[in-house]
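On a predicted model such as this, the values are computed, not experimentally measured, just so you know. What's counted below: heavy atoms across the whole structure, side chains too, no hydrogens, waters or symmetry copies. Counting starts at 1 for both ligands and their atoms, in listed order.
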Amino acid sequence: MPEELPRAAIGLVGVSKRFGSHAAVDDVSLEIAEGEFFSLLGPSGCGKTTTLRMVAGFELPDAGRIVLKGNDVTEVPANRRPVNMVFQQYALFPHMSVYDNVAFGLKVKRVPRSEHSERVQEMLRVVSLEGLDRRRARQLSGGQQQRVALARALVNRPAALLLDEPLGALDVKLRKQMQLELKRIQSTLGTTFVYVTHDQEEALAMSDRIAVMNGGRVEQIGSPREIYERPLTAFVADFIGSLNALDLRIDELVGENAVMRLGEVERIVVPVGGGRRPGETVRVAVRPERVQIEPAGSPILNGGSRLEGTVAEIVFLGMYTQFHVDTPAGRLVSHRLADESLAPLEPGSRVALSWEPEQASLLGDGAL
Ligand code: ATP
């Protein structure tokens with residue numbers, strides 16, 4: 001019997017791609033739902049762009065299938081797939097008007113000329129460029145050019161839009177503004193977006209779900225909140241935001257929690273579920289913003305983990321302050337917001353750090 005193909009808007013089944021002896025994409029399987037804003041996130045060279053190019057049809061996988069709504073398109077050429085791609089370099093025609101740049105997409109697909117005007121104007125409204133249709137592309141700002149590139153890619157009403165670091169060339173402020181714009185455009189049109197970025201903040205801000213990639217493999221797929229709060233691997237935890245990771249030996253199991261004792265009143269408690277034993281070494285992760293900091297000797301506020309230590313360094317970062325503290329479990333970082341009331345602390349101060357058991361998690365170190 002033939003293998004069942006995914007019915008999702010986009011499905012990758014065991015997709016691999018090698019360049020020489022290097023596995024750029026290594027056995028990637030994932031499904032993207034209709035209308036979803038899905039991001040491929042990871043460091044440079046992890047295989048995001050190659051994955052996207054295989055969905056677009058610009059690269060042929062060595063193994064696996066690319067499936068669009070149940071149709072196997074692995075061998076279908078790029079121009080016959082119902083998807084479109086937007087690049088970091090917008091590749092507009094600089095001397096042509098905004099209108100002609102957008103209408104170019106329609107010409108390529110041989111859409112009757114009588115439909116052009118209405119469809120171009122509609123798309124210019126969606127990307128907030130009404131009234132600029134006669135302007136030459138080279139007379140536009142970077143942000144406006146990016147909007148034209150989007151309009152040109154969307155005017156053919158593709159089933160999915162593939163975006164490869166489309167905001168990479170913009171300055172930080174414009175980038176943030178365009179992130180909101182992209183999200184708005186995507187929800188207005190309901191088109192499936194697959195977005196490649198190495199910027200974790202960008203992926204967290206825009207995506208319905210994120211696939212975090214490392215060395216050609218997918219390490220975790222989940223909503224921004226899941227990825228941030230429940231990272232499954234040390235790589236994901238470290239790539240998405242900052243993290244305290246402590247290698248510790250389990251002293252005792254109490255119900256579902258592992259307890260590590262580091263001193264008379266100092267202990268770390270972390271939920272582990274089943275399958276762990278005393279004596280085993282585990283990696284415990286806790287986000288800096290979860291770590292409370294008080295002068296040593298103050299009443300214990302949290303019932304879970306508590307460590308005493310000495311402040312080694314204080315870094316003021318505007319919105320929040322980082323406290324680097326040396327403890328018997330190693331150096332930990334606590335982030336406190338500018339508006340929190342804190343006793344005055346300085347390097348050398350003795351402090352107590354604490355957090356609730358469920359605010360920490362165990363990290364595995366392999367891929368899924
Ligand atoms: P970046 O964010 O830097 O673009 P990426 O995660 O998108 O990185 P890819 O561009 O997919 O990564 O590249 C994955 C790996 O495959 C890299 O090591 C890259 O050097 C290699 N690679 C990509 N394209 C080719 C090619 N055409 N020929 C040879 N090697 C390639």
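- Judged by the shortest distance from any of its heavy atoms, H22 lies inside the 4.0 Å radius around the atoms of ligand 1.
- For G42, the heavy-atom gap to ligand 1 stays at 4.0 angstrom or more.
- Ion pair D100/R136 not flagged as a salt bridge, since none of the NZ, NE, NH1 or NH2 atoms sits closer than 4.0 Å to an Asp/Glu carboxylate oxygen.
- Checking R350 against T310 by side-chain atom types alone, a donor-acceptor pair falls below 3.5 Å.
- At a 3.5 angstrom cut-off on N or O pairs, G45 counts as close to ligand 1.
- Between E289 and Y320, the side chains place no donor N or O within less than 3.5 Å of an acceptor N or O (distance only, hydrogens not considered).
- The protein heavy-atom contact nearest to atom 12 (O) of ligand 1 is G47 N, 3.2 Å.
- Comparing K17, M213, K48, H198 against atom 2 (O) of ligand 1, the shortest heavy-atom distance belongs to K48.
- Residue G20 places every heavy atom at 4.0 Å or more from ligand 1.
- Within a 6.0 Å sphere centred on CD of E115, heavy atoms belonging to other residues, nucleotides or ligands number more than 12.
- Salt bridge present: R290 and E229 bring a charged side-chain N and a carboxylate O closer than 4.0 Å.
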Exercise. What do the steps show when you test Q200 against L41 for side-chain contact (heavy atoms from CB on, under 4.5 Å), and what is the final call?
Worked result: CA-CA 7 Å; Q200 42 114 349; L41 172 68; 4.1 Å; yes
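- Atom 11 (O) of ligand 1 has its closest protein heavy atom at T50 OG1, 2.5 Å.
- By the 3.5 Å distance cut-off applied to N or O atoms, A24 is not counted among the residues near ligand 1.
- There is no protein heavy atom less than 4.0 angstrom from atom 20 (O) of ligand 1.
- Ligand 1 has no N or O atom lying under 3.5 Å from any N or O atom of F19, backbone or side chain.
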For this session: Evaluate the criterion side-chain contact (heavy atoms from CB on, under 4.5 Å) for residue pair L167 and L182; output intermediate values, then yes/no.
Result: CA-CA 10 Å; L167 308 183; L182 269 175; 4.1 Å; yes
For this session: Assess whether side-chain contact (heavy atoms from CB on, under 4.5 Å) is satisfied between K107 and R113, documenting all intermediate values.
Result: CA-CA 8 Å; K107 278 191 198 148; R113 214 166 234 290; 3.6 Å; yes
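- For a threshold of 3.5 Å applied to N or O pairs, the pair formed by T49 and ligand 1 contains at least one separation below that value.
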For this session: Starting from the C-alpha separation in whole Å, work towards a yes-or-no answer on side-chain contact (heavy atoms from CB on, under 4.5 Å) for V15 and T74.
Result: CA-CA 10 Å; V15 169; T74 316; over 6 Å; no
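- Ligand-side atoms of ligand 1 in range of P43: 6 (O), range being under 4.0 angstrom from any heavy atom.
- For atom 3 (O) of ligand 1, the closest non-hydrogen atom of the protein is S44 OG, 2.6 Å.
- Each of the atoms 5 (P), 6 (O), 12 (O) of ligand 1 lies under 4.0 Å from some heavy atom of C46.
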